[in-house]
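Written out below as structure tokens is the structure these notes cover.
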Amino acid sequence: EVQLVDSGGGSVQPGGSLRLSCAVVRDTVGVTCMGWFRRSPRNEREGVAAVFTGNRVTYNYADSVKGRFTISQGNAKNTIHLEMNNVKPEDTAMYYCAADILPEKQCRAAGVYEYNSWGRGTQVTVSS
């Protein structure tokens, strides 16, 4: 069983920054892949970023956020962050943290919303 708690959402102006956090509060299976996906106001899902935390650490991003968003591991074990910079109105969405046991090749941003465990989500709104 895996339980995730995601946080850090809020309202921000275009061009601004926001930092999301995700903590694994329970992990009885040993996750190796964590990431973020988002659900837009039109209910469209998009994988945003993923980090493989198995035998080495690798990162993967959706093209829509490359160069603006950074996924990272926190100082606390099994904690990840999503640094969102130069945000745009189209980044407005509910953001969910997700985790699973996956090999490195399958730990990709595109598939994050298919991971087994999700957090409850945190809302990000970008508007002026």
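Everything numeric here is computed off the predicted structure, so don't read it as measured data.
- Nearest heavy atoms, Leu82 versus Ala49: CD1-CB, 4.2 Å.
- The distance from atom CH2 of Trp36 to atom CD of Glu46, rounded to the nearest 0.5 Å, is 15.0 Å.
- Taken to the nearest 0.5 Å, the OG atom of Ser117 stands 8.5 Å off from the CD1 atom of Ile101.
- If you chain together hydrophobic residues whose side chains sit under 4.5 Å apart, Ile71 and Val112 never meet in one group.
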message = Let's go through Thr122 and Asp6 carefully: what are the C-alpha distance in whole Å and the side-chain angles of both, what is the deciding distance for side-chain hydrogen bond (donor to acceptor under 3.5 Å, both in side chains) to 0.1 Å, and is it a yes or a no?
response = CA-CA 6 Å; Thr122 184; Asp6 36 32; over 6 Å; no
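- In this structure, OG1 in Thr58 is found 12.0 Å from NZ in Lys105, a value given to the nearest 0.5 Å.
- A salt bridge does not link Glu44 to Arg39: none of the charged nitrogens lies less than 4.0 Å from a carboxylate oxygen.
- No continuous path of ILVMFWY side-chain contacts below 4.5 Å connects Val25 to Val29, so the two sit in separate hydrophobic clusters.
- Not a single donor-acceptor pair under 3.5 Å links the side chain of Thr125 to the backbone N or O of Ser11.
- For Asp91 and Lys88, the salt-bridge test fails: no basic side-chain N is under 4.0 Å from an acidic carboxylate O.
- Partners of Phe37 by ring-ring contact (aromatic ring centres under 6.0 Å, His included), not counting sequence neighbours, listed by chain and number: Tyr96, Trp118.
- Although no hydrogens or angles enter the test, the distance criterion places no donor-acceptor pair under 3.5 Å between the side chain of Asp100 and the main chain of Leu102.
- In this structure, Arg68 contributes its side chain and Asn86 its backbone to a donor-acceptor pair below 3.5 Å.
- Side-chain contact between Val48 and Tyr95: present, with at least one pair of heavy atoms (C-beta onward) separated by less than 4.5 Å.
- The line from CE of Met84 to OG1 of Thr70 is 11.0 Å long, rounded to the nearest 0.5 Å.
- When all heavy atoms of Phe69 and Arg38 are compared, the pair lying nearest together is CE2-NH1, 4.0 Å.
- The distance from atom SG of Cys22 to atom NE2 of His81, rounded to the nearest 0.5 Å, is 9.5 Å.
- Contact detail for Gln123 and Met94: the closest heavy-atom pair is N-SD, 3.5 Å.
- Counting all heavy atoms, side chain and backbone alike, Cys33 lies closest to Tyr115 at SG-OH, 3.1 Å.
- The two atoms that bring Pro14 and Ser128 nearest to each other are CD-N, 3.8 Å, heavy atoms only.
- For Ile80 against Cys97, the heavy-atom pair with the smallest separation is CD1-SG, 4.2 Å.
- Between Arg19 atom CZ and Ser21 atom OG the span is 5.0 Å, to the nearest 0.5 Å.
- Judged purely by atom type and a 3.5 angstrom limit, Asn60 has no side-chain atom pairing as donor or acceptor with the backbone of Ala50.
- Side-chain atoms of Thr28 come within 3.5 Å of backbone N or O of Glu1 as a donor-acceptor pair.
- Judged by distance alone, with hydrogens and angles left aside, the side-chain atoms of Thr79 form no donor-acceptor pair with the main-chain N or O of Ala23 at under 3.5 Å.
- Residue Val65 is grouped with residue Leu18 when hydrophobic side chains (ILVMFWY) are merged at heavy-atom distances under 4.5 angstrom, including chains of intermediate members.
- With hydrogens and angles ignored, the 3.5 Å screen pairs a side-chain donor or acceptor of Thr92 with a backbone N or O of Val126.
- Under the 4.5 Å side-chain criterion, counting only non-hydrogen atoms from C-beta, Val2 is in contact with Val24.
- Heavy-atom neighbours of Arg45 CZ from other residues, nucleotides or ligands within 6.0 Å: above the threshold of 12.
- Under the 4.5 Å side-chain heavy-atom criterion for ILVMFWY residues, a single connected hydrophobic cluster contains both Val31 and Val57.
- Under a hydrophobic-cluster definition in which Ile, Leu, Val, Met, Phe, Trp and Tyr are linked whenever side-chain heavy atoms come within less than 4.5 Å, directly or via other members, Tyr61 and Val124 are assigned to the same cluster.
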